[in-house]
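Worksheet: one structure, shown below.
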Amino acid sequence: MINRRNFLALSSAGVAVGALAACGNDSGGGSDGGGGGGDKEVEVFTWWAQGSEKAGLDALVEVFKQQHADFTFVNGAVAGGAGSAAKDMLQSRLQAGDPPDTFQAHAGAELTDYIDAAQIQDVSALYDEYGLTDAFPKDLVDRLTVDGMIYSIPSNIHRSNMVWGSTEALTKAGIDPATPPADLDAFIANLDKAKAAGVTALSVATTWTQINLLEAVLMASLGASAYNGLFDGSTAWDSAEVTTALQQFEKMMSYTNTDRDGLDWPDATQQLIDNTAAYNVMGDWAVAAFQEAKLTENEQYVYFPLPGRDKIFGFLADSFTLPEGAPHEDGAKAWLNTISSTEGQLAFNLAKGSIPARTDTDNSQFGAYQQTALTSFKEDMICPSIAHGAAVPIAWLNDISDATSQFTAGASDLAAYQKALVDAAGKHSA
Ligand code: GAL
């Protein structure tokens, strides 16, 4: 059985370092070369540039201003969901010796890329200084730790395997919004009904959102144990059960909007807000978008985890780093202090749709959706996200992205797709 206690063991297995693509960079932020001294500012690099994600960052910045009034926050955000543009830009800056003071990364395999390239510092002393050692779940801290050193501080925990539904579109299709489908077949039957009713059955956007869908299907179809085995070699990517899951993914993709590749996640979620789509499979940053649009839960939108073999929490956590050579180390430490504080975690997560990574916060202010996430994180099986850096390092994810975009664009068939996934696992797993 894979549960919260032992899922970590999976995270450090199957990790390889790869060269990362680099591209241009126009992100702001002061490099004064001061090596930790200099101006009292901090450039914070994220991809929370717009909409509800920016609202989450703004909430955190408010707390930062109260806690560290002597520092100026410099917003280094680069737009593009899941860091689709930010990660390349970040890599370019790191390689050029121009790091931001702190940057957003994901707990798990993604962090290993930066650690192996010696781009981020051990921050375990800050865990002692800020009293964080017992504030986070041990298995989460293990995901941030390599060889006894802790390389980042988590701000939140997101759930990736959620289905969101438009009450109006579902009702129009003769689907009871209050009754979630029991399994993947029932979900696909509902997609068929929605299509027949003339709405987009399943809204999706650019490649990373398709991988978000793929991982949810793999979790539901394989179950937690076999899914987690994909990353430690105990489940073969060329197995018949993976073929079945890919067939289910292919089927679901056939119900999606054809303009998907030009869209990002807020556009796909917007289709539910506009009631032009019935369902969207997306991480729970989507709930922040519904809240920002002032929708009322149940009356206007519903949610459930993609149904499958087990009760699963598709796991990812944003965490912040202290880069080697950060020009304003003091500012970075102040930021890390705020994002890990009780006040910071509450303000941020209330706005972001995620749950606090700290286990000692008073969570009574969280709404109904986040209460379900809090419970699921405690009780359900944990499966690390592929699309969001928890399960595989960036180079492996890049190969999965290439294979997936070729497949969903119709440039490869299912057998070629599966072979490309097998090859990627062979290339990148330990
Ligand atoms: C994830 C990130 C979330 C959210 C999402 C969509 O990778 O962890 O915080 O920002 O991308 O952009």
Side-chain angles (χ1 to χ4, degrees), residues 11 44-61 75-90 102-111 113-114 140 143-144 152-162 164 203-216 263-270 280-292 313-321 339 344-345 347-357 369-370 373 377 383-394 397-398 400-401:
S11 70
V44 177
F45 186 99
T46 69
W47 52 86
W48 297 327
Q50 289 157 349
S52 57
E53 296 189 310
K54 176 156 191 312
L57 180 61
D58 289 347
L60 203 43
V61 172
N75 192 350
V78 175
S84 46
K87 283 188 201 164
D88 283 352
M89 218 171 257
L90 174 66
T102 180
F103 64 84
Q104 172 190 1
H106 289 121
E110 180 184 299
L111 218 48
D113 287 309
Y114 303 114
L140 176 56
R143 281 203 159 231
L144 306 163
S152 67
I153 302 188
S155 51
N156 61 312
I157 293 170
H158 268 303
R159 185 176 193 185
S160 69
N161 61 330
M162 293 303 294
W164 309 91
S203 70
V204 78
T206 190
T207 307
W208 76 261
T209 71
Q210 299 168 26
I211 297 172
N212 204 133
L213 173 63
L214 170 69
E215 72 183 37
L263 307 180
D264 206 339
W265 78 265
D267 309 303
T269 309
Q270 187 64 38
N280 174 225
V281 174
M282 186 45 58
D284 53 11
W285 40 92
V287 81
F290 294 132
Q291 284 163 2
E292 202 184 41
F313 187 99
F315 163 87
L316 64 129
D318 294 302
S319 63
F320 282 85
T321 58
I339 63 119
Q345 297 238 329
F348 178 59
N349 287 295
L350 281 165
K352 186 66 166 60
S354 38
I355 56 175
Y369 167 72
Q370 278 149 305
F377 185 65
C383 289
S385 164
I386 296 172
H388 307 283
V392 297
I394 294 173
L397 175 57
N398 285 346
I400 294 174
S401 300

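In each ligand, atom 1 is the first atom listed, and ligand 1 is the first ligand listed. In this chain, residues are counted from 1 in sequence order. Because the structure is predicted, anything quoted here is derived from the model rather than measured.
Within the structure, side-chain hydrogen bond (donor to acceptor under 3.5 Å, both in side chains) contacts touching residues 44-53 (residues at least two apart or in different chains) do not occur.
The aromatic rings of W208 and W285 lie tilted to each other, with the angle between the two planes from 30° to 60°.
Partners of A105 under the side chain to side chain contact (heavy atoms under 4.5 Å, CB included) rule, at least two apart in sequence or in another chain, are F103, E110, L111, Y114, T321.
At least one N/O-N/O distance between H106 and ligand 1 falls below 3.5 Å. Residue contacts with ligand 1: A82 is placed with a nitrogen or oxygen under 3.5 Å of a nitrogen or oxygen of the ligand (distance criterion only).
Here the two rings, on Y369 and W164, have centers that are under 6.0 Å apart.
Those atoms of ligand 1 that come under 4.0 Å of a heavy atom in H158, given as number and element, are 3 (C), 9 (O). The atoms of ligand 1 that sit less than 4.0 Å from any heavy atom of E53 are 4 (C), 5 (C), 6 (C), 10 (O), 12 (O). When each atom of ligand 1 is checked for a heavy atom of L316 under 4.0 Å away, the hits are 8 (O). Listed by atom number, the atoms of ligand 1 under 4.0 Å from G81 heavy atoms are 12 (O).
Atoms OG and CD1, from S354 and I157 in turn, are 9.0 Å apart once rounded to the nearest 0.5 Å.
If you check which protein heavy atom lies closest to atom 8 (O) of ligand 1, you get D318 OD1, 2.6 Å. Of the protein's heavy atoms, H388 ND1, 3.2 Å lies nearest to atom 1 (C) of ligand 1. Regarding atom 3 (C) of ligand 1, its nearest protein heavy-atom neighbour is K352 NZ, 3.5 Å.
Neither the backbone nor the side chain of N156 has any atom closer than 4.0 Å to an atom of ligand 1 (non-hydrogen atoms only).
For the 3.5 Å distance criterion, the side chains of S155 and Q345 fail to qualify, holding no donor opposite an acceptor. Checking D318 against H388 by side-chain atom types alone, no donor-acceptor pair falls below 3.5 Å.
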